[in-house]
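In the text below, chain A, chain B and the rest are named by the order of the sequence lines, each starting its count at 1.
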4 protein chains.
Amino acid sequence: MTRTVGSSGVRTERNIREAGLRLIYKHGYEATSMRQLASEVGIQQGSLYNYFRTKQDLLFTLAHDHMRDLLRKVDAALKQDKTARERLEVFVRFHIDYHMQRKHEVFISYSEIRSLSEENRQIIISLRRDYEERLVSILDQGRAEGVFDVADTKVAAFGILSMLSGISTWFNPRGRLSKEEVSSIFVRMVMGSVTWNEGEKVKAKLRQSNAAVASATAE
Amino acid sequence: MTRTVGSSGVRTERNIREAGLRLIYKHGYEATSMRQLASEVGIQQGSLYNYFRTKQDLLFTLAHDHMRDLLRKVDAALKQDKTARERLEVFVRFHIDYHMQRKHEVFISYSEIRSLSEENRQIIISLRRDYEERLVSILDQGRAEGVFDVADTKVAAFGILSMLSGISTWFNPRGRLSKEEVSSIFVRMVMGSVTWNEGEKVKAKLRQSNAAVASATAE
Amino acid sequence: MTRTVGSSGVRTERNIREAGLRLIYKHGYEATSMRQLASEVGIQQGSLYNYFRTKQDLLFTLAHDHMRDLLRKVDAALKQDKTARERLEVFVRFHIDYHMQRKHEVFISYSEIRSLSEENRQIIISLRRDYEERLVSILDQGRAEGVFDVADTKVAAFGILSMLSGISTWFNPRGRLSKEEVSSIFVRMVMGSVTWNEGEKVKAKLRQSNAAVASATAE
Amino acid sequence: MTRTVGSSGVRTERNIREAGLRLIYKHGYEATSMRQLASEVGIQQGSLYNYFRTKQDLLFTLAHDHMRDLLRKVDAALKQDKTARERLEVFVRFHIDYHMQRKHEVFISYSEIRSLSEENRQIIISLRRDYEERLVSILDQGRAEGVFDVADTKVAAFGILSMLSGISTWFNPRGRLSKEEVSSIFVRMVMGSVTWNEGEKVKAKLRQSNAAVASATAE
DNA sequence: AATGAATGAGTATTCATTCAT
DNA sequence: AATGAATGAATACTCATTCAT
């Protein structure tokens, strides 16, 4: 008698993970109760604890598995590429693609970091840093190649990641723009943001407007 | 006889607002309890309700007051400026400046939208849209002037705002870079992201890398 | 300058009493809050305590004033009457009349006895007993005159008072029957319930049905 | 091995119901707290919610189960009887008997109607009306048979029910009168109240006393 | 005579978690 | 692997009352 691939327990665990992702994405970790989760899965509260030791454990598992998967895949995507510009475009397209496909995991891993225990938080933050490093090293490479003009590659990487990560909050697959069109738009913006331009002249001229800003925000 | 700053009630309300901002920023709305808040302010739980009818009311008030202030100030900052490039730089510097100064309010108004009641959420989202419109119209102006090269000004505005808003999550005023340096870096990135570049040639060449991405993210 | 009859304080006290009667009648003593009461009167909570030392004090005052008034008036009504039958009809009509006019006070004094403090409860119960005594003595008189046939005047009085007091829970002044019609119906029922009838024969016959009842209620 | 009566859950639910009846009877619904109830049952507050979704749900369940039981039993008691007088006596004896046995349920279902939610109140009131209908139809039958002299059977039914329901507030099983003696007294009073009597002559004579009443209650 | 602000104990209900079956 | 019943602490919010002004 062969063991069926999705035994009852395996199936239940997957159901819990999926319901957990959905609920935490929608209401947040704190606002999601184990009661709600159990009812969504169709089991009793007590049964959840056959799969996850605590609610915190569930959150961490979801975030952790996601981060490891993200790293594995970004490395697979970047492996064969050559120039910094080529690799940057691949990164941008990969990031957008993945973040649209795994919207829930991505959102949770980012916005529920606050709800992780100190120890768990460090692990997730460290994995996130690893991911950011992939982009930083592309920018470094581009600077070495002389094709990117960035004052600080770490800061630039943060800026680019913020820009890209925002997409999944507003992108609608049935909306005006296709995933590919959106990706192309952002590839272009990202490229522009790190490419040599004639901004120097411009910058000089605009310095003067700073004074106005300073007074306005000072109230 | 010293001049007391506001009556006892006014002072208490301000204390509640400030403690509320701090706590909700740190732990999130759901994870912040009225007990905690009262103890932070140094009053009894019940006294909170002399100032805010519900916990939800407190959250909404904080978010709402912030959004109105943001709009008032961005309009004051942009008023006198002329060209689209000038106005864009003013906007970027204003946004960064304000978001660093009002870190708590900004973060709450954005990340706790989920915790607002349906009705309150609509109000805040609508104000946020108003703010986004300020940037969209700058981009429109730039396109009309022929100085900006953006396929979709709304999408570009979302991208820019995401990029800028991320700053306050990592910026440290006592860190390596000053607020002004960070602002200048982002002015330059934003300008680059919307300026005519020679990306067209580049884009053609990079199209081929998409196939690699597709297979990598497909698992 | 003459002193106005209803000075501000006097007026406020009357307003509190009236609002208190209405609210306690409608929601019950426990379910009526001082906040609600103050808001109904149009003053602040604290001001209530210029008129009533405690919430309990308000309830007791309303019940006590009512009971004293009831006794004073029933005595006035009964004073001049002669025969037991005459006096009984007067009593029935008075009771119905008064209970319709002072619906709120009557209801509160009866159903909120549970909410009175031990001491206050004794006072009200004792006044109520005084009132019941008025009816008991009419029945005693009737028995002495040989016109009433009641086994136990106290029990009969309880029965009659229950019957009459129920009226105000369903009587509608704009309904099918006028107050006078209702009163006449009840005068007749009450008279019938205490008058010699030929029930003796009947009673004997019906004794046998008791067995059926006993088995039915036993489950 | 002793036979346990019901599983733990069943026993706990019964305990909650019984304690609920006792407490609500004694202090009223509003004045009974879930804390008190839990402590009376000997469980934690939270455990109550494994059995009743809300405090309101408990109240409604107690009232509803009682009303259904009352109706079922009154129908069983009345089934076989014949004449209106016979059926009326059975009704009176049944009512008194049941109301003495189920004092708590009866009292709660009547006096806590105010505390029921609108929806629940409608249901209970409707069941109570069904019960009242049993008596009304007996009076209708008696009028058809020519043995009852009632102007309005609905009003008469209300009067009789009020009279009978009051008994349980003062009856003491260890008091001067036995349950059977009390029942017989009330059978006789009820019969008298609906039977042809010579009241007509009497009534005419007493009309004059109304004037006195009117002036007395007018203050 | 009234207010505004505060108190401290209380409310019903929900929480994550445990554990014998 | 799942259940049903329980726990003990926590939740947001309301209560009657006080008191300086």
Side-chain angles (χ1 to χ4, degrees), chain A residues 7-13 29-38 41-58, chain B residues 7-13 29-38 41-58, chain C residues 7-13 29-38 41-58, chain D residues 7-13 29-38 41-58:
Chain A
S7 78
S8 168
V10 172
R11 239 181 296 122
T12 302
E13 177 171 358
Y29 174 77
E30 288 285 349
T32 298
S33 74
M34 296 301 265
R35 193 177 303 205
Q36 224 178 330
L37 179 57
V41 175
I43 58 178
Q44 292 298 113
Q45 283 187 73
S47 303
L48 294 172
Y49 293 83
N50 289 328
Y51 299 92
F52 297 94
R53 278 175 28 260
T54 61
K55 190 186 174 190
Q56 169 74 209
D57 183 38
L58 169 61
Chain B
S7 77
S8 163
V10 172
R11 240 179 296 123
T12 303
E13 177 170 357
Y29 174 77
E30 287 285 349
T32 298
S33 74
M34 296 303 261
R35 188 180 303 206
Q36 226 178 327
L37 178 57
V41 176
I43 57 177
Q44 292 295 113
Q45 281 189 71
S47 300
L48 294 173
Y49 293 84
N50 287 332
Y51 300 92
F52 298 93
R53 277 173 28 262
T54 60
K55 191 186 172 188
Q56 169 75 205
D57 185 36
L58 169 61
Chain C
S7 79
S8 169
V10 172
R11 239 182 294 122
T12 302
E13 177 170 359
Y29 174 77
E30 288 285 349
T32 298
S33 73
M34 296 302 263
R35 193 177 304 205
Q36 225 178 328
L37 178 57
V41 175
I43 58 177
Q44 292 299 113
Q45 284 187 74
S47 303
L48 294 172
Y49 293 83
N50 289 327
Y51 299 92
F52 297 93
R53 277 174 28 261
T54 61
K55 190 185 173 190
Q56 169 74 209
D57 183 38
L58 169 61
Chain D
S7 77
S8 161
V10 171
R11 239 179 297 123
T12 303
E13 177 170 357
Y29 174 78
E30 289 285 348
T32 298
S33 75
M34 296 302 262
R35 189 181 302 207
Q36 227 178 325
L37 178 57
V41 176
I43 57 177
Q44 292 295 115
Q45 281 190 72
S47 300
L48 294 172
Y49 293 83
N50 287 330
Y51 299 92
F52 297 93
R53 278 174 25 264
T54 59
K55 189 184 173 190
Q56 168 75 205
D57 184 37
L58 169 61

- Query: For the pair made of CD1 in I43(A) and C1' in dA5(F), what is the distance, rounded to whole Å?
  - Reply: 17 Å
- Note on the structure: Checking N1-N3 plus N6-O4 or O6-N4 for Watson-Crick, or N1-O2 and O6-N3 for wobble, each under 3.5 Å, the partner of dA6(E) is dT17(F)
- From Q44(D) atom CD to Y49(D) atom OH, the distance as rounded to the nearest 0.5 Å: 13.0 Å
- Message: Rounding to an integer number of Å, can you tell me how far E30(D) CD sits from dT11(E) P?
- Response: 12 Å
- Query: Hey, is the side chain of T54(B) poking within less than 4.0 Å of OP1 or OP2 on dA12(F), counting only N and O atoms?
  - Reply: no
- Which part of the nucleic acid, if any, lies within reach of F52(C) when heavy atoms closer than 4.0 Å are counted: base, sugar-phosphate only, or nothing? nothing
- Message: On the nucleotide dC15(E), are OP1 or OP2 found under 4.0 Å from the side-chain N or O atoms that R35(A) carries?
- Response: yes
- Task: Would you kindly give the CZ-to-C1' distance between R11(B) and dG4(E), to the nearest whole Å?
- Result: 14 Å
- Message: Nearest whole Å is fine: how far is dA5(F) P from M34(A) CE?
- Response: 20 Å
- Query: Between dT17(F) atom C1' and Y51(C) atom OH, what is the distance in whole Å?
  - Reply: 17 Å
- Item | E13(D) side chain to V10(D) backbone, donor-acceptor under 3.5 Å | no
- Is the shortest heavy-atom distance from the side chain of K55(C) to the side chain of Y29(C) under 4.5 Å? yes
- Task: Could you please name the option among dT7(E), dA5(E), dT13(E) that lies closest to any side-chain atom of Q45(D)?
- Result: dT13(E)
- With heavy atoms under 4.0 Å as the rule, sort S47(D) into base, sugar-phosphate or nothing. base
- Message: Once rounded to the nearest 0.5 Å, what's the spacing between atom OH of Y51(C) and atom CG of L58(C)?
- Response: 13.5 Å
- Message: Heavy-atom nearest nucleotide on DNA chain E for G46(B) versus G46(A): which residue maps closer to 5'?
- Response: G46(B)
- Between T12(C) and dA2(E), is there a side-chain N or O to OP1/OP2 distance below 4.0 Å? yes
- Task: For residues R53(C) and D57(C), report the shortest heavy-atom separation together with the two atoms involved.
- Result: N-OD2, 3.1 Å
- Item | Rounded distance in Å - CZ (R53(C)) to P (dC19(F)) | 14 Å
- Message: Any donor-acceptor pair, under 3.5 Å, between the side chain of N50(B) and the base of dA5(E), if you only look at N and O atoms?
- Response: no
- Query: How would you label the contact of L48(C) with the nucleic acid (heavy atoms, under 4.0 Å): base, sugar-phosphate, or nothing?
  - Reply: nothing
- Message: Does the structure show a Watson-Crick or G-U wobble partner for dA1(E), both distances under 3.5 Å? Name it, or say none.
- Response: none
- Assert: residue with more 5' nearest nucleotide on DNA chain E, out of Y49(D) and Q44(B), is Q44(B)
